[in-house]
Trainee: 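Please find one structure pasted underneath; my questions will follow.
A, B, ... follow the sequence lines: proteins, then strands. Residue 1 opens every chain.
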Protein chains: 2
Amino acid sequence: MGRIDQLNKAFESRVRLGIMSILMVNDWMDYKAFKEQLDLTDGNLASHISGLEKLEYITVRKRFIGKKTNTSYKITALGKREFQSHINALEKLLNSF
Amino acid sequence: MGRIDQLNKAFESRVRLGIMSILMVNDWMDYKAFKEQLDLTDGNLASHISGLEKLEYITVRKRFIGKKTNTSYKITALGKREFQSHINALEKLLNSF
DNA sequence: TAAAAGTGCTTTGAAAAACAAAGTTAATTT
DNA sequence: AAATTAACTTTGTTTTTCAAAGCACTTTTA
């Protein structure tokens, strides 16, 4: 029986789902790439990212590429676990039919 | 490539996901059963149900069992299509890893 | 038969979340 | 010097979530 309380509230939004599933396959993904791939405004992306950061599901790396600033994000071990178990719960819920 | 804009906003919440996946397998499901299975308050359940009703993803049937009122819900053809395609989009998104 | 309880809501209202637009800092290219 | 880019933050609006209370109606119980 799939139970909805096993789904993680942090992953309910499409934006979060998108961010996390990108980070499941890409080791470091940078801000600009997210913005383009997910077609988000700065404010929207930044707030979702900082939400996931606060939960420690992703980490940030700031550096310079040449002389330009570059900010990238990586999924944490915790983030991976939580996302994976969210997916499992989703599948359980949906595979009841 | 899974694109987040193919996910249906109407199905983002855990409650909606729960309602819809129950209705994918149960032909008619009644109010009280939803309330118990999903562990929701009346207000919460009713508002999600009326949202799905407004979108015509579910229909209502009111009748008497004995002399008691009984309200049940059924998924519509549209609801089934939309939910299915939401699931497909979800799977596409998540199967990119 | 009066009071309590149940069903299925609607209304109210508070809190949280989503989101866009504009502003910001610091550097960079033109 | 002016315009552009990166990566945000701030502000403010709209939407969503959700619980609590109220309500109409019926049924059960004392």
Trainee: Is a salt bridge present between A/Asp5 and A/Arg3, judged by a nitrogen-to-oxygen distance below 4.0 Å?
Mentor: yes
Trainee: Roughly, in whole Å, what's the span from CD1 in A/Ile49 to C1' in D/dT9?
Mentor: 14 Å
Trainee: With B/Glu56, which residues qualify under side-chain contact (heavy atoms from CB on, under 4.5 Å), at least two apart?
Mentor: B/Leu78
Trainee: Determine the contact category for B/Ser13: base if any of its heavy atoms lies under 4.0 Å from a base atom, sugar-phosphate if only primed atoms, P, OP1 or OP2 are that close, otherwise nothing.
Mentor: sugar-phosphate
Trainee: From CZ of A/Phe34 over to C1' of D/dA6, roughly how many Å is that when rounded to an integer?
Mentor: 16 Å
Trainee: Quick check: on DNA chain C, is the nucleotide nearest A/Arg16 upstream (toward 5') of the one nearest B/Glu36, or the reverse? Name the residue that is more 5'.
Mentor: B/Glu36
Trainee: As a quick check of understanding, evaluate side-chain contact (heavy atoms from CB on, under 4.5 Å) for A/Tyr73 and A/Ile22, giving each step before the final call.
Mentor: CA-CA 10 Å; A/Tyr73 306 93; A/Ile22 284 174; over 6 Å; no
Trainee: If you find the nucleotide of DNA chain D closest to A/Lys68 and the one closest to A/Ser50, which residue's nucleotide is nearer the 5' end?
Mentor: A/Lys68
Trainee: So, for B/Leu94 and A/Ser21, which heavy atoms are closest and what is the spacing to 0.1 Å?
Mentor: CD2-CB, 4.5 Å
Trainee: I'd like to know whether A/Glu82 forms a side-chain contact (heavy atoms from CB on, under 4.5 Å) with A/His86, so could you lay out the CA-CA distance, the side-chain angles of the two residues, the decisive distance to 0.1 Å, and finally the verdict.
Mentor: CA-CA 6 Å; A/Glu82 293 293 318; A/His86 177 74; over 6 Å; no
Trainee: Taking any atom closer than 4.0 angstrom to a non-hydrogen atom of chain B, what span of DNA chain C does the protein reach, first nucleotide to last?
Mentor: C/dT7 to C/dC19
Trainee: Do B/Ile19 and B/Phe34 make a side-chain contact, defined as non-hydrogen atoms from C-beta onward lying under 4.5 Å apart?
Mentor: yes
Trainee: Classify the nucleic acid contact of B/Tyr73 as base, sugar-phosphate or nothing, counting any heavy atom under 4.0 Å across all strands shown.
Mentor: sugar-phosphate
Trainee: For DNA chain C, which residues of residues 38-48 of chain A approach it to below 4.0 angstrom with any heavy atom?
Mentor: A/Thr41, A/Gly43, A/Asn44, A/His48
Trainee: Between atom OH in A/Tyr31 and atom P in D/dC8, what is the gap in whole Å?
Mentor: 7 Å
Trainee: How far apart are the closest heavy atoms of B/Trp28 and B/Val60, and which atoms are they?
Mentor: CZ3-C, 4.3 Å
Trainee: Give B/Lys32 one of three labels, base, sugar-phosphate or nothing, depending on what nucleic acid heavy atoms sit under 4.0 Å from its own.
Mentor: sugar-phosphate
Trainee: Kindly write out the residues that satisfy side-chain hydrogen bond (donor to acceptor under 3.5 Å, both in side chains) with B/Tyr57, not counting sequence neighbours, or none if the list is empty.
Mentor: B/Asn8
Trainee: Which atoms of nucleotides 23-25 of chain D (N or O only) lie under 3.5 Å from a protein N or O atom, and what are those distances?
Mentor:
none

Trainee: Looking at B/Leu17 and A/Leu7, what are the two nearest heavy atoms and their distance?
Mentor: CD1-CD1, 4.0 Å
Trainee: Would you classify A/Lys62 as touching base, sugar-phosphate or nothing, given that sugar-phosphate means primed atoms plus P, OP1 and OP2, and contacts are heavy atoms under 4.0 Å?
Mentor: sugar-phosphate
Trainee: With a 4.0 Å cutoff (strictly under), does any side-chain N or O of A/Lys9 reach OP1 or OP2 of D/dC18?
Mentor: yes
Trainee: Output all residues satisfying side-chain hydrogen bond (donor to acceptor under 3.5 Å, both in side chains) with A/Asp39, sequence neighbours left out; order by chain, then residue number.
Mentor: none
Trainee: Under a plain distance cut-off of 3.5 Å, with no hydrogens placed, do A/Tyr31 and A/Asn70 share a side-chain donor-acceptor pair?
Mentor: no
Trainee: Figure out the CZ/P separation between B/Arg63 and D/dT26, and round it to whole Å.
Mentor: 18 Å
Trainee: Can a donor-acceptor pair be found, under 3.5 Å and without considering hydrogens, that links the side chain of A/Arg16 to the backbone of A/Ala10?
Mentor: yes
Trainee: I need the CZ-C1' distance between A/Arg14 and D/dT16, as an integer number of Å.
Mentor: 13 Å
